[in-house]
Structures are given as structure tokens and as C-alpha cells.
Amino acid sequence: MAMSVRGEMEKLSVEQLKAVKEQTDMEVNLLQDSLNNIRTATTRLELTSSALHDLSLRPTGKKMLVPLTASL
């Protein structure tokens, strides 16, 4: 199958090759953005997990202040 793709690529004009490259670059950028979003979500999940673990070690019934947003 790689040979047929290569053969077809060789038949494309310079303009068509540029369009294929631009499309591929856009797809790579989208995948990079998605990977960065996944990494950010993973970090936030790990922080949340750590916070929940710390809360589980506190004595039951003891009052505490809890921030309502992640920025606090």
C-alpha cells in the first residue's frame, strides 16, 4: 500500500503537494493541541487525586474551608 501512495504522490502537481502538506501540517497541529489538552487534564486530575487523598487523612467532623474554584 505504501508503494501505491508513493506512486500517487509522484503524480501530483506542486500545488497539490503544497495543499497536502498544508493539510498534514494542520492535522499535526490539531493533534499537538489535543495532546497538550490531555496533558493538562492529566495534571489537573493528579492534583485533584492528591487533594482528595489529603482530605481523606483529615479527622472526620473537623471543619475546613474549601475553595469553590481551581484558581483558589
Side-chain angles (χ1 to χ4, degrees):
M1 180 155 191
M3 292 296 277
S4 67
V5 171
R6 182 177 176 196
E8 289 184 30
M9 294 291 285
E10 289 174 351
K11 295 176 186 175
L12 296 177
S13 69
V14 173
E15 291 80 21
Q16 290 171 318
L17 289 172
K18 285 181 182 178
V20 169
K21 182 190 179 303
E22 288 177 15
Q23 179 66 32
T24 303
D25 288 346
M26 287 175 43
E27 290 175 10
V28 168
N29 288 335
L30 180 62
L31 290 171
Q32 277 287 33
D33 289 345
S34 296
L35 180 59
N36 288 336
N37 289 337
I38 290 170
R39 286 180 176 154
T40 299
T42 300
T43 300
R44 292 180 73 182
L45 182 61
E46 289 169 350
L47 290 170
T48 301
S49 176
S50 176
L52 287 174
H53 175 72
D54 291 347
L55 285 174
S56 71
L57 300 176
R58 291 182 161 263
T60 303
K62 185 175 179 181
K63 291 183 179 183
M64 71 176 83
L65 297 176
V66 179
L68 300 178
T69 65
S71 65
L72 298 175

Indicate yes or no: at least one non-hydrogen side-chain atom of Leu35 is less than 4.5 angstrom from one of Leu31.
-> no
Under 3.5 Å, side chain of Thr40 to main-chain N/O of Asn36, donor-acceptor pair present?
-> yes
Partners meeting side chain to side chain contact (heavy atoms under 4.5 Å, CB included) with Leu47 (sequence neighbours left out) | Thr43
Are the side chain of Ser34 and the backbone of Leu30 linked by a donor-acceptor contact shorter than 3.5 Å?
-> yes
Quick check: are there more than 12 heavy atoms from other residues, nucleotides or ligands sitting under 6.0 Å from CG of Leu57?
-> yes
How far does NZ of Lys18 sit from CD of Glu15, to the nearest 0.5 angstrom?
-> 6.5 Å
Sequence neighbours excluded, the answer for side chain to side chain contact (heavy atoms under 4.5 Å, CB included) partners of Met64 is Leu55, Arg58, Val66
Could you tell me which non-hydrogen atom of Val20 sits nearest to which non-hydrogen atom of Met9, and how far apart they are?
-> CG1-CE, 4.2 Å
